[in-house]
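One structure below.
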Amino acid sequence: MAVPRSNKESDKWNERYQAKGQTAGAANLSPVYVLHKFQHLLPVQGLALDLASGLGANALFLAQHNLQAHAWDISSVAIKKLNVIAKSLDLNLNTEVRDVVARPPEENSFDVIVVSHFLDRQIMPNIIAALRKNGLLFYQTFTKLRAQETGPSSDKYRLGKNELLDLCKDLDVIVYREEGLIGNTGSGFRNEALFVGQHK
Ligand SMILES: C[S@@+](CC[C@H](N)C(=O)[O-])C[C@H]1O[C@@H](n2cnc3c(N)ncnc32)[C@H](O)[C@@H]1O
């Protein structure tokens, strides 16, 4: 019998998180650049989701900013580790082992959604619809065009030029950055694109 996609995916990620050893210390967990740099845009309260959270650095950051933070990931190992970290920091997180492709967020359910280093094009409409009025999407992930070899080996998980703008065209654009190979590729924001958009 064929193994369901979801099981194969969770096994793959569980192995990776298991291999990383225990938590690596909460202090090593920094939120993704787009969230850190544009944190001043966050609402003072509300419901926030770190989608495909991994060890949940974004979720912890959101919780530290007074938001009711949720972290969803397909890897039970990552979520288990995240729970340990959250407890050690005395932060209240709502974690869930969840395949977000099979079960994307419900419509109109979050004020903030953060997605970093995860790309599944088919659920982009669900992610956008999951934002409440004036809700914000912070997105950052790898691009096909890159100056350094970092990120996934398959281009399937990488953005084409301006693709994030296209995928999020129903949102108002607040911030977009994609530097490609322009100028001195040894500096700047390379290998990834970032976006902050607001639901109308
Ligand atoms: C490259 S990691 C990024 C983790 C984190 N967002 C970050 O930036 O460090 C990709 C994450 O996506 C999760 N993932 C992959 N497929 C998923 C799915 N269908 N549903 C939920 N999480 C998934 C993996 O378990 C992994 O934690």
Side-chain angles (χ1 to χ4, degrees), residues 3-39 48-64 67 69-86 91 93-106 109-110 112-127 130 136-144 146 148-159 164 167 177 189-196:
V3 181
R5 181 191 61 79
S6 194
N7 284 358
K8 277 200 286 185
E9 197 64 12
S10 57
D11 288 351
K12 179 182 92 179
W13 285 102
N14 278 337
E15 274 170 34
R16 288 193 193 174
Y17 285 112
Q18 205 77 63
K20 281 188 184 175
Q22 187 57 30
T23 65
N28 291 343
L29 285 172
S30 307
V32 69
Y33 178 78
V34 67
L35 184 57
H36 192 262
K37 175 84 179 162
F38 299 102
Q39 58 182 282
L49 171 64
D50 183 0
L51 182 133
S53 63
L55 294 177
N58 300 327
L60 295 167
F61 188 82
L62 293 165
Q64 279 160 338
L67 296 165
H70 293 245
W72 297 350
D73 198 281
I74 202 170
S75 164
S76 57
V77 175
I79 291 295
K80 212 167 153 186
K81 288 187 176 187
L82 173 55
N83 285 333
V84 172
I85 299 167
L91 286 172
L93 271 196
N94 304 281
T95 58
E96 193 175 328
V97 179
R98 176 158 169 163
D99 180 341
V100 299
V101 178
R103 291 180 56 224
E106 285 78 30
S109 51
F110 287 100
V112 174
I113 299 179
V114 181
V115 187
S116 65
H117 306 134
F118 175 81
L119 180 63
D120 188 297
R121 292 167 177 84
Q122 66 172 305
I123 63 160
M124 284 307 289
N126 303 85
I127 292 175
L136 293 172
L137 175 64
F138 292 75
Y139 210 119
Q140 179 179 326
T141 201
F142 301 101
T143 48
K144 289 180 187 161
R146 51 203 185 263
Q148 287 85 28
E149 232 11 270
T150 169
S153 49
S154 167
D155 268 3
K156 181 176 148 194
Y157 301 114
R158 290 177 176 274
L159 293 160
L164 200 45
L167 290 169
R177 188 164 171 188
F189 176 78
R190 305 292 172 171
N191 315 314
E192 300 185 39
L194 66 77
F195 173 88
V196 182

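Order of listing sets the numbers, starting from 1, for every ligand and every atom in it.
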Legend entry - Residue part near ligand 1, for His117, under 4.0 Å between non-hydrogen atoms: both
Tell me whether ligand 1 is touched by [X] - counting only heavy atoms on the residue side and a distance under 4.0 Å.
{"X": "Ala78", "result": "no"}
{"X": "Asp73", "result": "yes"}
{"X": "Arg16", "result": "no"}

Inset, instruction - Check each of Ser75, Gly54, Ser10, Ser116 against atom 6 (N) of ligand 1 and report the one with the nearest heavy atom. - result: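 Answer by nearest heavy atom: Ser116.
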Inset, instruction - Nearest heavy atom to atom 18 (C) of ligand 1 wins, so pick from Asp99, Asn14, Ile123, Val115. - result: Asp99
Legend entry - Other residues, nucleotides, ligands: >12 heavy atoms within 6.0 Å of Lys37 NZ: no
If you measure every N or O of [X] against every N or O of ligand 1, does any of those distances drop under 3.5 Å?
{"X": "Phe118", "answer": "no"}
{"X": "Tyr17", "answer": "yes"}
{"X": "Trp72", "answer": "no"}
{"X": "Leu51", "answer": "no"}

Legend entry - Carboxylate-amine/guanidinium contact Asp155 Arg146, below 4.0 Å: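 Yes, Asp155 and Arg146 are salt-bridged.
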Inset, instruction - Specify the closest pair of heavy atoms between Ser75 and Asn14, including all atoms of both residues, with the distance to one decimal. - result: OG-OD1, 2.7 Å
Inset, instruction - Grab the two heavy atoms, one from Ala59 and one from Leu93, that are nearest each other, plus how far apart they are. - result: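 Ala59 and Leu93 have their closest heavy atoms at O-CD2, 3.7 Å.
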Inset, instruction - State the atoms of ligand 1, each with its element, that fall below the 4.0 Å cut-off from a heavy-atom position in Glu9. - result: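 Answer, ordered by atom number: 15 (C), 16 (N).
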Legend entry - Atom indices of ligand 1 within 4.0 angstrom of Arg98 heavy atoms, with elements: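 It comes down to these atoms of ligand 1: 20 (N), 21 (C).
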Legend entry - Residues which pass salt bridge (Lys or Arg N to Asp or Glu O under 4.0 Å) with Lys12, listed by chain and number, not counting sequence neighbours: Glu9
Inset, instruction - Measure the CG-CG distance between Leu82 and Leu60 for me, rounded to the nearest 0.5 Å. - result: 5.5 Å
Legend entry - Non-neighbouring partners of Arg103 that pass side-chain contact (heavy atoms from CB on, under 4.5 Å), sequence neighbours left out: Glu96, Arg98
Legend entry - Ring centers of Phe138, Phe38 separated by less than 6.0 Å: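 Not under 6.0 Å, so no.
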